[in-house]
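Chain naming here is simple, since letters A, B, ... match the order of the sequence lines and numbering starts at 1 in each.
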Protein chains: 2
Amino acid sequence: MRELLKNKGFKLTPQRELIFSIFLEQRDHVSVDELYDEIRKLDSSIGYSTVWRNLKLICKLGLAREINVGDGITRYDQVTHGPHGHLFCVKCKKLVEFSVDKIVGFLDQVAEDKNFQIESFKIEIQGLCDDCRALNEKTSV
Amino acid sequence: MRELLKNKGFKLTPQRELIFSIFLEQRDHVSVDELYDEIRKLDSSIGYSTVWRNLKLICKLGLAREINVGDGITRYDQVTHGPHGHLFCVKCKKLVEFSVDKIVGFLDQVAEDKNFQIESFKIEIQGLCDDCRALNEKTSV
DNA sequence: AAAGCAAATGAAAACGATTATCAATTTCAA
DNA sequence: TTGAAATTGATAATCGTTTTCATTTGCTTT
């Protein structure tokens, strides 16, 4: 961690250390606000900008990616989980991952056909998750 | 058009008629600003809100979908083009469609496995398009 | 160990796209 | 023709993101 930062000219501050470690232990895809709330529980003196800037830095270092599901909130997705798609529940906003191994070949082919140089891809299914679906049926009867 | 609106209790105004027709003849995925600019050329009295509201309405009627590529600008994608994925050039912001017929089966399977009810899906490849790629090579030599 | 400098921080303000408000106007059914 | 409901246009509010700036801090070099 310290080395990864040092090599690129970044400094290791207590705030940064805390933000990195808390972010990396999140299982879900957190937003700035969500991470900020977590951080504040541990050190209420850390500012919002600092959390925001460090999330950006985490992305720049290649440890996470920004995800935009269209609800106006940017979430941060650890790339250490490997390439994957997302199921996004439009009701409860839950984001669940799934493996996309079976279709990366197809995507590579598409890009090759159009002479497009892939930087990243995004595969997202939007709809209702298991829970919200059950809930919907109950309340609509 | 008139019937589609009438059935759902919406009224047909000259502004709406113009916005709908101009939107539907766009080949690209326009943003509110872009469509507003087009509209203004034809009728400079139409307000931004009206264009925005009618784009929302077009989506509500199922004629288009919102696309979020992560650059903070919402674009509108005509669904009449059928299900498709997007190649998004991070440099020139161009959005090009490609067919996803070969992988919808896979997505359906994923959803079924998790008992997830699909409303829509999004398949996006981000990177450099043919043109920008060529340009990059030239300037970096 | 001290100094110097670049980077990082926190508070606040700026920003930009989206969405809401509201008075005036217009559509459409009765 | 008339009245209720929807629409419009201008403007303001909202909200997440990003920038600014003075101050502090980490780290390298003496």
Side-chain angles (χ1 to χ4, degrees), chain A residues 1-23 29-37 39-61 64-77 93, chain B residues 1-23 29-37 39-61 64-77 93:
Chain A
M1 177 85 288
R2 166 169 248 113
E3 289 313 312
L4 174 60
L5 288 167
K6 205 187 289 185
N7 291 341
K8 308 217 175 186
F10 299 111
K11 294 175 178 173
L12 188 61
T13 63
Q15 295 94 328
R16 175 159 293 165
E17 198 167 6
L18 181 62
I19 293 170
F20 271 55
S21 74
I22 298 300
F23 173 73
H29 306 75
V30 293
S31 61
V32 182
D33 282 3
E34 283 165 356
L35 187 61
Y36 177 52
D37 284 346
I39 296 290
R40 251 197 320 194
K41 289 180 191 163
L42 302 166
D43 180 347
S44 62
S45 71
I46 295 186
Y48 181 92
S49 327
T50 302
V51 174
W52 178 80
R53 277 186 292 236
N54 275 290
L55 274 172
K56 288 282 180 186
L57 179 59
I58 285 169
C59 291
K60 203 181 295 179
L61 293 175
R65 300 190 320 159
E66 299 191 339
I67 306 250
N68 273 80
V69 282
D71 63 350
I73 294 171
T74 303
R75 274 164 257 258
Y76 293 82
D77 176 34
K93 316 291 181 193
Chain B
M1 178 83 289
R2 167 168 246 113
E3 289 312 311
L4 173 59
L5 287 167
K6 207 187 287 186
N7 290 342
K8 310 217 174 183
F10 298 111
K11 293 173 179 173
L12 189 61
T13 63
Q15 295 93 331
R16 176 159 293 165
E17 198 167 4
L18 181 61
I19 294 169
F20 272 54
S21 74
I22 297 300
F23 173 72
H29 307 75
V30 294
S31 61
V32 182
D33 282 2
E34 283 164 356
L35 187 60
Y36 177 53
D37 284 346
I39 296 291
R40 251 198 319 196
K41 289 180 191 164
L42 301 167
D43 180 347
S44 61
S45 71
I46 295 186
Y48 181 93
S49 325
T50 302
V51 174
W52 177 78
R53 276 186 295 235
N54 276 289
L55 274 172
K56 288 283 181 188
L57 179 59
I58 285 169
C59 291
K60 203 181 293 178
L61 294 175
R65 301 189 321 159
E66 298 192 338
I67 306 250
N68 273 79
V69 282
D71 63 351
I73 294 172
T74 303
R75 273 165 257 256
Y76 294 80
D77 175 34
K93 315 290 182 194

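- Between A:Ile67 atom CD1 and D:dT17 atom C1' there is a gap of 18 Å when expressed in whole angstrom units.
- Side chain of A:Thr13, nearest nucleotide from D:dG26, C:dG10, C:dT21: D:dG26.
- A pairwise comparison of heavy atoms in B:Val51 and B:Ile19 identifies CA-CD1, 3.8 Å as the closest pair.
- Within 4.0 Å (heavy atoms only), A:Ser31 reaches no atom of the nucleic acid at all.
- Not one side-chain nitrogen or oxygen of B:Tyr48 sits closer than 4.0 Å to the OP1 or OP2 atom of C:dA17.
- When the P atom of D:dT8 is taken as reference, atom CG of B:Leu55 falls 12 Å away, rounded to whole Å.
- When the nearest nucleotides of DNA chain C are assigned to A:Tyr36 and B:Tyr76 by heavy-atom distance, the more 5′-ward of the two goes with A:Tyr36.
- Pairing each heavy atom of A:Leu5 with each of A:Lys11, the nearest pair is CD1-O, 4.4 Å.
- Between A:Asn7 atom CG and D:dT28 atom P there is a gap of 11 Å when expressed in whole angstrom units.
- Taking every heavy atom of both residues into account, A:Ile46 and A:Tyr36 meet most closely at O-CE1, 3.4 Å.
- For the pair B:Glu17 CD and D:dT8 C1', the computed distance is 16 Å after rounding to whole Å.
- Here C:dA8 is the nucleotide among D:dT19, C:dT18, C:dA8 with the atom lying nearest to any side-chain atom of A:Phe10.
- As judged by a 4.0 angstrom heavy-atom cut-off over every strand, A:Asn54 is placed among residues touching the sugar-phosphate backbone only.
- Comparing C:dA8, D:dT7, D:dG16 by their closest approach to the side chain of B:Arg16 singles out D:dT7.
- Closest to the A:Lys11 side chain, of the nucleotides C:dA7, D:dA5, D:dT17, is C:dA7.
- If you check distances only, the side chain of B:Arg53 does reach the base of D:dG9 with a donor-acceptor pair under 3.5 Å.
- Of the listed nucleotides (D:dT17, C:dC28, D:dG9), C:dC28 has the atom at the smallest distance from the side chain of B:Leu12.
- Paired with A:Phe23 under the rule side-chain contact (heavy atoms from CB on, under 4.5 Å), one option of A:Leu55, A:Leu18, A:Ile39, A:Asn54 passes, and it is A:Leu55.
- Nucleotide C:dA29 holds its P atom 17 Å from the NZ atom of B:Lys8, rounded to whole Å.
- Rounded to a whole Å, the CG atom of B:Asp71 is 14 Å from the C1' atom of C:dT18.
- Here B:Lys6 does not reach the OP1 or OP2 of C:dC28: none of its side-chain N or O atoms lies under 4.0 Å away.
- Counting to the nearest Å, the P atom of D:dG9 and the CD1 atom of B:Ile19 are 7 Å from each other.
- Taking side-chain N and O atoms only, A:Thr74 has a distance below 4.0 Å to OP1 or OP2 of D:dT17.
- Dashed line: the shortest gap from a side-chain N or O of A:Gln15 to OP1 or OP2 of C:dA8 is not under 4.0 Å.
- Residue A:Thr50 places at least one side-chain N or O under 4.0 Å from the OP1 or OP2 atom of C:dG10.
- Straight-line distance from the CD1 atom of A:Ile46 to the C1' atom of C:dA12: 18 Å, rounded to whole Å.
- Side-chain atoms of B:Trp52 lie closest to C:dT18 of the nucleotides D:dG26, C:dT18, C:dG10.
- Of all heavy-atom pairs between B:Ser31 and B:Ile73, the closest is CB-CG2, 3.6 Å.
- Proximity note for B:Ser49 (side chain, C-beta onward) versus C:dA20, C:dT27, D:dT18: the nearest is C:dA20.
- Looking at heavy-atom distances under 4.0 Å, A:Asn68 makes no contact with the nucleic acid at all.
- Shown are A:Glu66, A:Arg65, A:Glu34; of these, the side chain to side chain donor-acceptor pair (under 3.5 Å) with A:Tyr76 is made only by A:Glu66.
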